[in-house]
Amino acid sequence: MRILHLEDDSLVAYFSMEVGIDPSIPTYSGGLGILAGDTLRSGADLRVPMVGVTLLHRKGYFKQRLDADGVQTEEPVIWHPEEHLEPLDVTVTLQIEGRDVLIKVWKYDIRGVSGHIVPLYFLDTSSEENAEQDRGLTDHLYGGDDRYRLCQEVLLGMGGVAVLRAIVDSSEVHCHMNEGHSALLTLALLEEHTKRRAHKLTQATPVDIEAVRKRCIFTTHTPVPAGHDKFPMGMVRSILGDERTDALQNVACCGSDELNMTYLGLFFSRYINGVAMRHGEVSRGMFPSYPINAITNGVHAVMWTAEPFKKLFDKHVKGWRHDNFYLRYAMDIPLADIKKAHAEAKADLFKEIKERTGHKLNESVLTLGIARRSTPYKRLDLIFSDIERLRSIARDIGPIQIIYSGKAHPKDWPGKDIIKSIYQSSAAVDDLIDVVYVENYEMAFAKKLCAGVDLWINTPMRPREASGTSGMKAALNGVPSFSVLDGWWVEGHVEGVTGWSIGDAAVPPEEDFSNEVDSLYEKLEKLILPLYYGGPYGYGKVMRSSIAFNGSFFNTQRMMSQYLCNAYFPLNNGEHHETLEIEE
Ligand SMILES: *Cc1c(COP(=O)(O)O)cnc(C)c1O
């Protein structure tokens, strides 16, 4: 399927600090990286002229260990780029703190369904020629201090543009910033443009700025101001030097005391979007002077569909691999076949957990999945808010078991405490409810988990979940969500049809805690458990409609098509229209 025919030599360059492209390449930490990988995969499927740019992260993210009390420790993940990536014969230098830093480049080819290739470039500064302190700059994803992080962002943005110029020969490059980490690419483009027009970088004119803006697309992912990357101006000056820092200050995209990467991205972009309709609204409230659109995230359908469902779709929904919209017709799949495929995915998950932990779960028991990064706003432990009530539900209504997984960032102490508290709560219910916390959440296990549980639970504090994607992975595999009305679930939720809501979106979030907790227990007790243990196909119908309604829409093929017609090569000539607001 070719969405657009491009006359010129246009190219989309997608910049992301993390990319989850293959379970054996540990250069991602979570949702942002998985989204980047799925985006590039769908770009390849749709034959988009596209490349990806990221950093090598030679020491990977980290391997999580949990002791008997749920105390997390971290180990480096050793991986060998030469086993997975192709070294390119290209080197580029970039000035950081006045030193020349040599950047080497590695390539990974992402091959789409029809063979089209989207190359992904990994930048690497480990070269012997570099000063000692620069060799490790591309080692750790989200490691180190602010200075280290800013150096990485300079490498990704400015180094990334330099690498592109050395590799691709395209006059029309559209740069897509996946979050603010790569926003300094705008400075590199400004530099190119002023040079071409033979004036100094510090004397950039509105015409130069407009020329950069014509090239840039910015996706914001963070619904709270504190989540945006900022660096003190003194640090920026020492890393970037006077000319570049003065240029940033002259174009008035940052204040005198700090460089806010989000503002930089917003200022220089012709198209800006949030990652779900609700997140678009929240972002417009946060940045009222920018035209912010919304394109809701997705997941790569073939990548996240488990084997038994792939077989089922191949039989009943022919063409779904090339065109995910056909999944809408999953409504025609017999319920008995859905149940059978799900039972296989569940057995496969339980086998994996037995191998990893020695723990044996019961295949006939309603199994809840709760997995994501552990950090306070995600409230992984919300289901344990009232232990007595949870116990009585499991005792009186029907048995439950819970599978947890998720890492806390090494410096997120409250996030680590939540894991410990989950261990304590598990001990308090373990005569009635089997709870297992599986270490080291990563792509391969996520795939089995999202497909193999019976119900996917997500309980973030509104409006902090910009989108969320794991419920989409679950939906593709016929696993309904039971979630707080935030992010994508505001759109994907049809009560009792694609899953259930926790709490009431009409109640202001700050007053909603007890309401949400109440709703969680109430619906488990009165709706979900009775449906699951009731007649043979009641629950199966919800499973099937989550595939048909949500699997067919919340995928990156639909998302990429929307980026193509709204952001990359706009069919409306780039005019902004406020995307519709969703009513509950
Ligand atoms: C999908 C995925 C995530 C993101 O999940 P959210 O629901 O968006 O928080 C994080 N980690 C892994 C390993 C994943 O596969």
Side-chain angles (χ1 to χ4, degrees), residues 16-39 41 60-64 77 141-142 178-179 219 221-223 227 274-276 278-279 296-301 303-306 349 352 356 368-380 382 403-409 412 415 418 438-453 455-477 479 481-484 486-493 499 550 554-556 559:
S16 184
M17 183 56 89
E18 47 171 310
V19 181
I21 200 62
D22 184 300
S24 57
I25 302 181
T27 59
Y28 67 95
S29 87
L32 189 75
I34 302 284
L35 174 76
D38 284 0
T39 300
R41 266 185 279 276
Y61 196 50
F62 66 88
K63 197 163 185 177
Q64 178 197 48
V77 197
L141 173 60
Y142 308 137
N178 187 36
E179 191 50 294
T219 300
H221 294 261
T222 317
V275 290
R278 168 57 48 82
H279 180 234
T296 301
N297 281 343
V299 296
H300 189 270
M303 162 81 199
W304 293 104
T305 300
L349 169 67
E352 177 78 18
R356 284 185 187 227
L368 316 182
I370 305 178
R372 52 195 42 85
R373 182 160 56 88
S374 178
T375 198
Y377 86 82
K378 300 248 188 192
R379 300 190 301 191
L380 258 65
L382 196 77
I403 306 173
Y404 268 105
S405 197
K407 300 173 181 176
H409 185 278
D412 186 350
I418 291 172
V438 180
E439 285 177 322
N440 203 41
Y441 193 45
E442 43 69 52
M443 273 168 95
F445 183 65
K447 182 168 174 179
K448 286 184 192 280
L449 183 66
C450 296
V453 296
L455 187 64
W456 191 255
I457 302 225
N458 192 17
T459 50
M461 226 177 264
R462 290 184 294 137
R464 303 269 320 241
E465 185 85 324
S467 166
T469 53
S470 42
M472 304 175 184
K473 301 169 191 168
L476 276 166
N477 292 286
V479 174
S481 281
F482 182 34
S483 294
V484 164
D486 201 12
W488 83 282
W489 191 235
V490 176
E491 299 160 51
H493 157 258
N550 287 345
F554 295 99
N555 55 68
T556 40
M559 183 195 84

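This chain uses plain numbering: 1 for the first residue, then up along the sequence. We count ligands from 1, going down the list as the structure has it; atoms in each ligand are counted the same way. All of these numbers come straight from a predicted model, not from anything done at the bench.
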Original post:
Please walk me through it: do D38 and T556 pass side-chain hydrogen bond (donor to acceptor under 3.5 Å, both in side chains)?
Top reply: CA-CA 6 Å; D38 284 0; T556 40; 5.0 Å; no

**OP:** Please tell me if the side chains of H221 and L35 come closer than 4.5 Å, counting only heavy atoms from C-beta onward.
**Re:** yes

Which of the ligand 1 atoms, numbered from 1, are nearer than 4.0 Å to a heavy atom of [X]:
| X | result |
| --- | --- |
| M443 | 13 (C) |
| G30 | 10 (C), 11 (N) |
| W304 | 15 (O) |

Original post:
Touching ligand 1 at all, W488? Heavy atoms, strictly under 4.0 Å?
Top reply: no

**OP:** Check whether any heavy atom of K378 sits under 4.0 Å from an atom of ligand 1.
**Re:** yes

Is there a polar contact, in the sense of an N or O pair closer than 3.5 Å, between [X] and ligand 1?
| X | answer |
| --- | --- |
| S470 | yes |
| T469 | yes |
| Y441 | no |

Subject >> Pair K378 + E465: basic N to acidic O under 4.0 Å >> reply: yes

Nearest protein heavy atom to [atom], by residue and atom, and its distance?
| atom | value |
| --- | --- |
| atom 4 (C) of ligand 1 | G31 CA, 3.5 Å |
| atom 13 (C) of ligand 1 | E442 C, 3.4 Å |
| atom 1 (C) of ligand 1 | K473 NZ, 1.4 Å |

**OP:** Say whether Y61 and E18, considering side chains only, have a donor N or O and an acceptor N or O under 3.5 Å apart.
**Re:** no

Original post:
With distance as the sole criterion, is a donor-acceptor pair present between the side chains of E179 and T219 under 3.5 Å?
Top reply: no

Subject >> Part of W456 with heavy atoms under 4.0 Å of ligand 1, whether side chain, backbone, both or neither >> reply: neither

**OP:** Please report the closest heavy-atom contact between G492 and N550, naming both atoms and the distance.
**Re:** O-ND2, 3.0 Å

Subject >> The single option from W488, W304, W489 passing ring pair (Phe, Tyr, Trp, His ring centres under 6.0 Å) against F554 >> reply: W488

Original post:
Can you tell which of R356, K63, K448 makes a salt bridge (Lys or Arg N to Asp or Glu O under 4.0 Å) with E442?
Top reply: R356

